[in-house]
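Taking it in order: structure first as structure tokens, then the write-up.
The chain is numbered in sequence order, starting from 1. Whatever order the structure lists ligands and atoms in, that order sets their numbers, starting from 1.
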Amino acid sequence: MSFPIVRGRRLRKNETIRRMVRETKLSVDDLIYPLFVVEGENINNEVPSMPGVFQMSIDNIVKECIEVEKLGIPGVILFGIPNHKDEIGSEAYNDKGIIQRTIKAIKENTKNLLVITDVCMCEYTIHGHCGIIKEGDVDNDETLKYLALEALSHAKAGADMVAPSDMMDGRVSAIRDILDDNGFYHIPIMSYAVKYASAFYGPFRDAAESTPAFGDRRTYQMDPPNRLEALREAELDLIEGADIIMVKPALPYLDIIREIKDNFNIPVAAYNVSGEYSMLKAAIDKGWLDEKVIYESLVSIKRAGADLILTYFAKEIAMRY
Ligand code: PBG
């Protein structure tokens with residue numbers, strides 16, 4: 001059958017009918033809002049390359065989380081910016097560190113908000129790399145010990161979920177082991193399993209003050225042209241006990257999100273990263289693009305197969321949709 005019997009436009013006639021046949025729905029239920037915590041009081045520093053995103057002190061983070069919960073956003077992911085950085089990222093696993101105090105403060109002041117922590121060393125090391133440096137590169141197996149301590153310290157402080165973003169081999173099992181040994185077997189791991197060495201993280205590194213002092217992250221993050229390697233990375237993390245698999249960045253890697261969704265029977269998260277946010281924000285602020293591009297971009301990430309989306313647009317979406 002074909003035209004004139006078949007007419008695709010019949011089901012596009014008005015918003016009511018479009019709503020009925022809409023295949024993909026973007027819901028506030030799927031969103032995770034990233035937050036950057038700094039030391040101090042009443043601090044609200046806008047990140048220059050990310051208009052609308054702020055580094056906040058714990059008191060303001062708590063206020064923000066109360067609002068986030070009111071908006072119906074189910075979870076936040078926390079990034080800490082400590083005052084003290086050193087070679088071994090000591091503040092990352094200090095039980096009185098910035099993230100640990102933030103988790104407690106949020107938990108005391110919200111009801112059901114899910115607090116997820118990013119587990120990585122780059123914000124805590126003086127060189128800005130995601131682990132311990134030996135002979136000019138990040139030493140994989142040495143770093144695992146520190147990541148495990150960091151995840152444990154987050155769990156002790158009350159984190160609901162940990163999300164390792166370092167891309168060391170074997171980190172999911174190292175974290176699962178230490179959590180289980182300490183009675184935290186109920187805490188899920190959302191693994192940044194498929195994380196590419198991407199220039200789209202540029203604005204985040206301003207926000208998190210985590211730009212590497214030398215070199216780049218290409219010896220541990222994935223090479224952007226690779227697709228089959230993404231399947232291997234996801235599979236390994238599943239075997240090691242990951243509960244949710246993340247693909248990052250999102251928009252330039254929609255094919256990879258679909259690939260992971262089709263190959264594994266597990267929730268898939270996608271990180272709509274800082275550069276994806278800044279691009280749209282800049283064009284919207286200049287009047288070059290309509291803000292409808294936000295919804296269109298996020299719904300495309302869902303259509304590609306993501307169950308969860310980490311996005312700096314979470315509040316804007318929650319207010320409008
Ligand atoms: C930490 C980390 C990064 C991001 C999330 N966790 C930066 C990086 O790997 O350099 C990027 C998030 C974003 O760009 O929004 N390793």
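At a heavy-atom distance under 4.0 Å, only side-chain atoms of F79, from C-beta outward, approach ligand 1. Of the heavy atoms in S274, both backbone and side-chain atoms come closer than 4.0 Å to ligand 1.
A side-chain N or O of S191 and one of R171 form a donor-acceptor pair less than 3.5 Å apart.
The side-chain contact (heavy atoms from CB on, under 4.5 Å) test with E123 singles out one residue from D118, I98, I99, and that residue is D118.
Aromatic ring orientation, Y312 versus Y271: tilted (interplanar angle from 30° to 60°).
Remark: ligand 1 atoms within the under-4.0 Å shell around heavy atoms of S165 are 1 (C), 2 (C), 6 (N), 16 (N).
Scanning the protein heavy atoms around atom 4 (C) of ligand 1, the nearest turns out to be K248 NZ, 2.5 Å. Considering only non-hydrogen protein atoms, atom 12 (C) of ligand 1 sits nearest to F204 CD1, 3.3 Å. Nearest to atom 2 (C) of ligand 1 among the protein's heavy atoms is K195 NZ, 3.4 Å.
Between E15 and R22 there is a salt bridge, since at least one side-chain N of the basic residue sits less than 4.0 Å from a carboxylate O of the acidic one.
Residue contact check for ligand 1: Y312 places a non-hydrogen atom closer than 4.0 Å to it. Heavy-atom distances between Q221 and ligand 1 reach below 4.0 Å in at least one pair.
Applying the salt bridge (charged side-chain N to carboxylate O under 4.0 Å, His left out) criterion to R320, with sequence neighbours excluded, gives E291. Remark: T125 engages M121, H127 in a side chain to side chain contact (heavy atoms under 4.5 Å, CB included) (not counting sequence neighbours).
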